[in-house]
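All values derive from a computational prediction rather than experimental measurement. Letters go in sequence order (proteins before strands), and every chain restarts at 1.
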Amino acid sequence: MNLAKVVGTVVSTQKEQSLEGLKFLILQKVDLDGNDIDGSIVAVDAVSAGVGEMVLYASGSSGRQTEITDKKPCDAVIMAIVDSWEVNYETRYKKGVND
Amino acid sequence: MNLAKVVGTVVSTQKEQSLEGLKFLILQKVDLDGNDIDGSIVAVDAVSAGVGEMVLYASGSSGRQTEITDKKPCDAVIMAIVDSWEVNYETRYKKGVND
Amino acid sequence: MNLAKVVGTVVSTQKEQSLEGLKFLILQKVDLDGNDIDGSIVAVDAVSAGVGEMVLYASGSSGRQTEITDKKPCDAVIMAIVDSWEVNYETRYKKGVND
Amino acid sequence: MNLAKVVGTVVSTQKEQSLEGLKFLILQKVDLDGNDIDGSIVAVDAVSAGVGEMVLYASGSSGRQTEITDKKPCDAVIMAIVDSWEVNYETRYKKGVND
Amino acid sequence: MNLAKVVGTVVSTQKEQSLEGLKFLILQKVDLDGNDIDGSIVAVDAVSAGVGEMVLYASGSSGRQTEITDKKPCDAVIMAIVDSWEVNYETRYKKGVND
């Protein structure tokens with residue numbers, strides 16, 4: 001999994017039928033200090049995440065291991081909203097504090 | 001998934017039999033402003049996309065989760081044509097406007 | 001698989017239900033001398049690893065081939081705690097010595 | 001899929017038994033002008049490709065979706081020989097012309 | 001698949017039970033001239049490879065398509081020991097000669 005920040009949304013009318021109703025969010029990758037780093041990705045939201053939240057996403061076939069993405073052409077899913085993380089026993093990100 | 005722009009087509013006569021009839025499109029990767037970035041990929045078209053359109057594609061085994069790519073040696077599929085996307089509540093791309 | 005050092009933990013309350021009870025650890029990638037290199041990843045812990053330990057992790061669908069990650073949206077798992085490694089018959093890392 | 005040029009062959013006597021009889025070709029990645037770019041890969045040939053030809057290859061589990069690679073430890077397969085491709089309606093490569 | 005040179009071994013006592021008895025080798029990636037390039041990986045040995053040998057390894061789910069890695073958290077397997085390879089009809093590596 002990777003840490004990322006939800007920064008936006010993608011709208012698509014003409015899409016593979018099985019994807020109907022899914023929410024596609026744009027994720028900005030972040031480093032262990034929560035700062036933006038190169039690279040963005042679009043993931044299906046399985047946990048009701050919102051813009052500005054830090055999340056974990058799973059890629060590849062693991063992106064299909066949720067009820068809403070099962071057997072669909074989806075290669076990335078947000079499977080957790082992050083409350084906090086620490087590195088070497090020091091808090092580097094805490095929701096509501098470092099946003 | 002990743003955002004990309006359809007820029008071209010690949011023609012192949014001698015190919016794995018199961019791929020007969022599929023359309024192979026060349027995708028140029030783009031950043032969140034819709035500008036070209038390094039890297040292109042060839043994907044099977046599952047949504048009748050055309051040159052110049054912004055799309056989402058899914059990679060890996062997820063590229064086989066459409067009716068036309070199921071069980072075929074295809075590792076990338078265009079599964080959505082993009083109407084628009086926004087970053088931090090600001091529209092960065094809108095079809096017909098930013099093309 | 002890749003060598004990495006466990007450097008931290010991620011806390012998440014709101015997550016895909018199937019992930020309940022799993023421990024998400026932050027891994028720092030290391031080179032063959034055990035020095036940090038660019039890149040971190042978050043992996044589920046299947047071997048009771050702790051911060052400071054060198055580990056091996058498996059990515060992609062292989063990250064789901066443990067009892068605790070089976071069929072879950074998890075794309076990386078720590079499957080071994082490293083005691084030592086050698087390169088060209090010379091020990092480059094030994095637990096308790098090079099930590 | 002990715003565009004690449006077949007540049008060579010790999011010979012191996014001692015290999016996983018299921019791979020007996022397969023042809024391993026060395027591919028040089030190319031850009032959309034057909035020029036070499038950084039990176040090579042070894043793929044199993046499923047379409048009788050030869051040195052000098054431009055091809056498409058599929059990676060990952062999709063590399064096993066041909067009759068000859070099914071259920072084998074093969075993560076890349078040449079699934080098409082390229083006749084031509086065009087970018088923005090302009091031919092960038094044509095077999096026999098741009099070789 | 002990718003070309004690499006076996007350069008070392010990893011020792012682990014505390015690991016996922018299914019991995020008991022497998023040999024973890026450190027691989028150094030090489031270019032088409034057999035020279036080291038950036039990047040190393042740890043792979044399970046399925047062909048009795050030894051330090052100093054050039055090998056092919058398969059990644060991802062394909063790393064599980066051998067009898068010894070089947071259904072295990074292993075994302076890379078050595079599936080061939082390389083005797084030689086050639087690029088543009090010229091031998092670039094021959095075992096026992098270019099080692």
- If you check every heavy atom in residues 32-52 of chain B against those of chain A, which residues fall under 4.5 Å? B/Leu32, B/Ala46, B/Val47, B/Ser48
- Using heavy atoms and a sub-4.5 Å threshold, report which of residues 76-94 of chain A line up against chain B, by residue number. A/Ala76
- Message: I need the contact set between residues 62-75 of chain B and chain A: heavy-atom distance under 4.5 Å, sorted by residue number.
- Response: B/Ser62, B/Gln65, B/Thr66, B/Glu67
- Task: Considering only heavy atoms, give the residues of residues 1-26 of chain B separated from chain A by less than 4.5 Å, sorted numerically, with 'none' for an empty result.
- Result: B/Met1, B/Asn2, B/Leu3
